[in-house]
Amino acid sequence: MISAALLTPYLDTIIALVLLYALLSILVSILLEAWNKRIKLRGVFLQKVVYRMLDDPLNHNYGHLIYQHPIINAMRRDGNSYPHYIPAEGFANALIDVLAEQAVTLRYEAREDGTYAGVRMGAEDPLQVRLNKGVDGMAESELKQLFRNFMDRHRSAAGVVDVDGLKLELGRWFDGNMERAGGEYKNDQKHKLVFLGFLVAVGMNVDSLHLTRMFLLDTDLRDRMVAEADAVAERYTAEREALGTDSMATLALMRSMGVRHDGVVTDSLLRIAAQRLDTAERRALADAEAVVEHVRSWQLPLGWNTADAPLSWFCDPRPVQLPEGARPSQRAVLRHLQERNTPKAWSILQWLIGIFITGWSLSQGAPFWFEALVKLINIRRSGVKPQTTDERQHR
Amino acid sequence: MRITNIHSHVFTGACAPDHFFRMVLPTWADRWADEIKYFLEKPWMRGLIKRLAGRRGDGLLLRYLQFLEAGTQNTQEQVFGAMRQAYSLLGPDTRFVALTLNMDHMDVLPSRHARIEDQLREVERVRAHYPDSFLPFVGVDPRHLQGEALVRWVREKVERRAFFGIKLYPSLGFFPFDPALDALYAWAQEEQVPIMTHCTRYGTHFTGGIQHVLPHADPPTLNPSSPVMPAIRDRVARYLAHPKARADAKYWGNALLHPQNYEPVLEKYPHLKLCLAHFGGDDQILGEAHKVQQWGIDPDNWHQEVVGLMQVWPNVWTDISYTLYKAEALRRILPLLAGPLGDRVLFGTDYYMTLREAPEADLVSRCRGILGPDLFARMASEHTDHYLRSRHFDPAVRFITARTVTPPTPAST
C-alpha cells in the first residue's frame with residue numbers, strides 16, 4: 001500500500017496547478033467579457049433571444065417589430081448597436097403596442113382639394129379594443145394562442161382586458177426567458193473560451209508539463225502555492241456558504257483578490273451588463289492587470305524570456321551556476337531546465353503538449369477549477385498531515 | 001420640376017436571412033459571424049477587402065460590404081434618412097421609390113430574419129412619416145403566395161396607396177414566367193401598376209444549391225406555347241450541364257435573370273408596364289464578357305437584349321441605376337437616351353448598393369453633368385412620373401400626412 005506521505009507531493013502539485021488554472025481562467029473570462037463588449041455581442045445575443053421568443057412564421061417576427069418601437073429603439077447607443085438590456089416593463093409596453101397596431105391600417109384617400117390624405121383606420125379605438133382586434137386578426141399560430149391565453153387570464157367578465165395585469169404577465173414571461181438565456185449565452189461562448197484559453201496559455205507561456213515538473217522538484221515553490229491554495233479554498237468555501245452559488249462565490253473571491261469583474265460567471269448576465277455599460281472596458285483592463293499581477297506575485301516559472309524555452313531555443317544558452325551547497329532538489333531543477341531549454345524534438349513536443357493542456361484547462365471556466373480546488377484541499381486535509389519544508393530539511 | 005429616384009433600397013441586414021454570410025464565407029465562419037462583422041465594420045478592413053475583392057474580380061465580398069455600409073443600420077428609416085440627406089442640394093422635394101425585396105426564400109436553411117411582412121410593415125411606418133417623398137414597391141416572390149392570393153395581397157397595399165408598384169428579383173430563386181405570377185401580371189397590366197425587376201448579370205442571388213431551384217431544364221411557364229421557351233430551356237440545360245456554372249449561383253443565377261425570360265410574359269401581357277432595371281448592366285454596355293459568356297453558355301449581350309425588348313414592346317422600360325456610376329457606360333448610352341427609346345429610360349441610382357462606388361450626391365451630380373440638365377430633368381421627372389402613374393396613383397397629386405382618424409368623404413373618381 002502506498003502511504004499518504006508518499007502521495008502528498010503529487011497531490012500538492014495538482015493543487016498548485018489547479019490554483020493556477022483557477023486564476024488564469026478568471027483572466028480568460030475577463031478577456032472574453034471585454035471582447036464581447038467591444039463587438040457589442042450582448043446586444044446581438046439579446047436581440048437573437050427576443051427574435052426567437054417572438055418569431056411567428058405565420059404572422060410577423062414581432063421581435064423585429066418591437067426593436068423598431070420607440071421605447072426599445074431609444075435604448076440603442078447608436079445606429080449600429082442593439083440595447084444590451086431591455087427592462088421587462090419596456091418589453092411588455094412595446095409588445096402590447098405592436099400587437100394593438102395590427103388593428104390600425106393607414107390608407108391615403110383622394111380628396112376634393114387635390115391631395116391624398118392619410119387616414120388611420122381603427123386608430124380611434126381604445127387600446128384594449130385595438131389589442132383584441134390586433135390579436136384576433138392574426139393567422140392561427142402557437143404564438144397567437146399564447147397571446148390569447150395571456151389576455152384571457154386578465155380579461156374581466158365584461159370581456160375587457162386589464163392591460164396593467166397583462167403587462168406584468170408579459171414582463172414575467174420575458175424575465176423567465178432572459179434567465180434561461182444566461183445559460184445559453186455561456187454555451188454559446190464555449191468556442192471563444194477555448195480560443196482565449198489557448199491565447200492566454202501561449203501569451204503567458206504557461207507550459208503545464210514544465211510547471212508540473214517544477215512543482216514536483218521545487219518544494220519551496222510547491223509549499224508556497226499550497227499555502228495560497230489553502231487560503232483561497234477556505235475563502236471560497238466561506239463565500240459559497242454565505243452566497244449560495246458557486247458563481248457568486250467565485251465573484252466574491254475575485255473581489256477579495258482585487259478583481260472587480262463580475263461578468264461571465266454570474267447568473268443574470270444581461271442585467272449585470274447593463275449596470276456596467278459605460279466603464280466596462282476600462283474595468284476589464286484593470287481587472288486583467290490585477291489577475292496578471294497576482295500570478296506574478298507567486299514567482300512561477302512562466303512567461304517569455306530568452307533564458308527560458310521556447311525563446312532559449314533561438315538564443316545562446318546562458319549557463320546557470322548553482323550556489324555552493326545546493327540541495328539535491330535544486331540540482332534536479334537545474335537538470336530539468338537545461339534539458340528543456342535545449343532545442344530538441346522531444347522538448348519542443350513537450351512544450352506544445354504543455355501549452356495544449358493549459359489552453360484546454362483554461363477553457364473550463366473559473367467555477368470549475370475553484371470547485372476542484374476545494375475538493376482537493378479537503379482530500380489533503382483528511383489525509384496525513386504533510387511535512388513542512390523545515391521538517392523535510394531537518395530529516 | 002420634381003425629381004424622382006426610381007430605384008433605391010432601404011432594407012437593412014435584418015431583412016436578410018441569418019445565413020446570408022454563406023454567400024461570401026464558408027459555413028465554419030458562421031460561428032464567428034459577430035467577430036467578422038466587427039472587423040468588416042472597420043474602415044481599414046473594408047478598404048483591404050475592397051482591394052482584394054477588386055483584384056479577384058469577385059463581387060461577393062463587396063456585396064456584403066454594401067449591406068454593412070448602409071444595411072447594418074438598425075432601421076429602414078435611418079437608411080432612408082441618410083439617402084434623403086444626400087439630396088438636400090437637389091431639393092427637399094425629391095421623391096424616392098424604395099424597392100423592398102422578399103428574401104424569405106433565398107435560402108434553404110431556417111432563419112429568424114425580418115420576413116417580408118415585417119419589412120413591409122416597417123416600410124409603411126417610414127411612409128407614414130414621409131408620405132409625399134417615400135414611395136415603396138412591394139417585393140414579390142412566387143414561392144410566398146401564388147395566383148389570386150398574391151393578387152389580393154398586393155392589391156390591398158396598392159389600393160390604399162401604401163405601395164406603388166411591384167418588385168421582382170428573379171435571381172433569388174424563380175423565373176419571371178412562373179405560372180404563380182400569371183394572375184398578378186394580368187392585374188398589374190389592367191391597373192397599369194408598374195413592375196420593376198433586376199436585370200443584370202450581377203447582384204444578390206439564391207444561397208442554396210442549384211437543385212433547389214433548377215431541378216431540370218423544363219421550368220413551368222405561364223406561356224407554354226411561347227416561341228422563345230425552347231431557347232430558354234436550352235440555355236437552362238447548358239447551365240445545368242456546365243460543372244463550374246452549376247456549382248455557383250453567381251453563375252447559374254444568370255439563367256433566372258436573362259432578359260429573354262420576360263418574352264413569354266410580354267407575349268401574354270403586351271401592355272404590362274415592366275422596367276428591366278440597370279439597362280443590362282454597365283459591363284454589358286461596355287462589352288465586357290462575363291464568365292458565362294466566355295464559357296459559351298450564355299453568349300448574349302444583355303444590354304442589347306434589353307434594347308431589343310424595348311423596341312418590340314411599347315411598355316418595357318429601363319433605368320440607369322447602378323450603371324450610372326460608370327461614366328463611360330453612361331456616355332456610351334447617350335445616343336440611345338436622346339433617341340425615341342430614351343422616353344422609357346428612367347433616372348435611378350440603386351442607393352445604397354452604389355455607396356461602395358461613390359457617395360450618392362457625387363453620383364447624381366456627375367450623372368447630371370454627363371446627361372445635361374434637360375435630359376436629366378426629363379428622365380428624373382417626366383419619365384418617372386409617366387412610369388409611376390397607375391389607376392391608383394397620380395404622381396401630380398400631393399400626399400398629406402395622416403392626421404385625422406375619421407375617414408373624410410372620398411372624392412368622386
Side-chain angles (χ1 to χ4, degrees), chain A residues 35-36 38-41 43-45 47-48 50-65 67-69 72-73 76 78-83 98 101-102 104-125 139 188 190-192 195, chain B residues 12 14-15 18 31-39 41 68 72-79 81-82 104 110-115 117-119 121-122 124-125 127-128 131-132 156-157 159-162 392-394 396-413:
Chain A
W35 174 244
N36 285 347
R38 172 146 295 270
I39 65 166
K40 305 164 188 165
L41 190 76
V44 174
F45 185 76
Q47 183 248 20
K48 280 181 186 164
V50 173
Y51 269 41
R52 192 178 57 207
M53 274 175 75
L54 297 173
D55 185 21
D56 184 352
L58 295 168
N59 290 287
H60 286 283
N61 183 336
Y62 293 97
H64 178 73
L65 296 179
Y67 267 82
Q68 312 300 318
H69 190 281
I72 311 297
N73 202 24
R76 290 171 166 157
D78 54 55
N80 263 325
S81 68
Y82 293 109
V98 163
E101 192 65 18
Q102 293 185 119
V104 180
T105 313
L106 178 61
R107 59 183 304 129
Y108 289 88
E109 306 278 9
R111 292 204 312 190
E112 283 170 352
D113 63 358
T115 57
Y116 292 126
V119 183
R120 297 188 75 221
M121 312 293 289
E124 72 277 18
D125 291 330
D188 200 50
K190 194 73 188 165
H191 65 289
K192 285 185 200 167
F195 174 76
Chain B
T12 61
C15 305
D18 295 348
R31 300 185 72 188
W32 297 91
D34 298 309
E35 278 73 14
I36 292 167
K37 181 171 177 284
Y38 169 74
F39 279 114
E41 279 172 359
L68 287 175
T72 47
Q73 293 291 320
N74 276 324
T75 67
Q76 299 194 57
E77 188 153 354
Q78 284 168 340
V79 181
D104 299 354
S111 170
R112 287 205 167 86
H113 64 282
R115 290 181 299 278
E117 296 278 11
D118 313 317
Q119 189 188 148
R121 181 116 182 243
E122 196 189 338
E124 282 206 50
R125 194 172 301 154
R127 171 141 177 74
D132 203 39
E156 185 272 334
K157 292 167 174 51
E159 282 182 352
R160 61 184 171 87
R161 299 184 181 91
H392 303 283
F393 176 52
D394 177 358
V397 177
R398 293 270 180 174
F399 282 90
I400 56 172
T401 315
R403 290 181 198 281
T404 52
V405 289
T406 316
T409 314
S412 54
T413 50

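Letters A, B, ... are given to chains in the order of the sequence lines, protein chains preceding strands, and every chain is numbered from 1. Just so it is clear, the model here is predicted, and its values are computed rather than measured.
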Is the closest side-chain heavy-atom distance between [X] and [Y] below 4.5 Å?
X        : Y        : answer
B:Arg125 : A:Leu106 : no
A:Asn73  : B:Glu77  : no
A:Glu101 : B:Arg121 : yes

Short side-chain to backbone donor-acceptor contact, [X] and [Y], under 3.5 Å:
X        : Y        : result
B:Asp118 : A:His64  : no
B:Arg115 : A:Asp56  : yes
A:Tyr116 : B:Asp132 : no

Practice prompt. Might you point out which heavy atoms bring A:Tyr51 and B:Ala14 nearest each other, and give the distance in Å?
Written response: OH-CB, 4.1 Å
Practice prompt. Taking all non-hydrogen atoms of both residues into account, name the closest pair between B:Ala128 and A:Tyr108 and its distance.
Written response: CA-OH, 3.8 Å
Worksheet item: So which of A:Val104, A:Thr105, A:Asn59 has the largest heavy-atom pair count under 4.5 angstrom toward chain B?
Response: A:Thr105
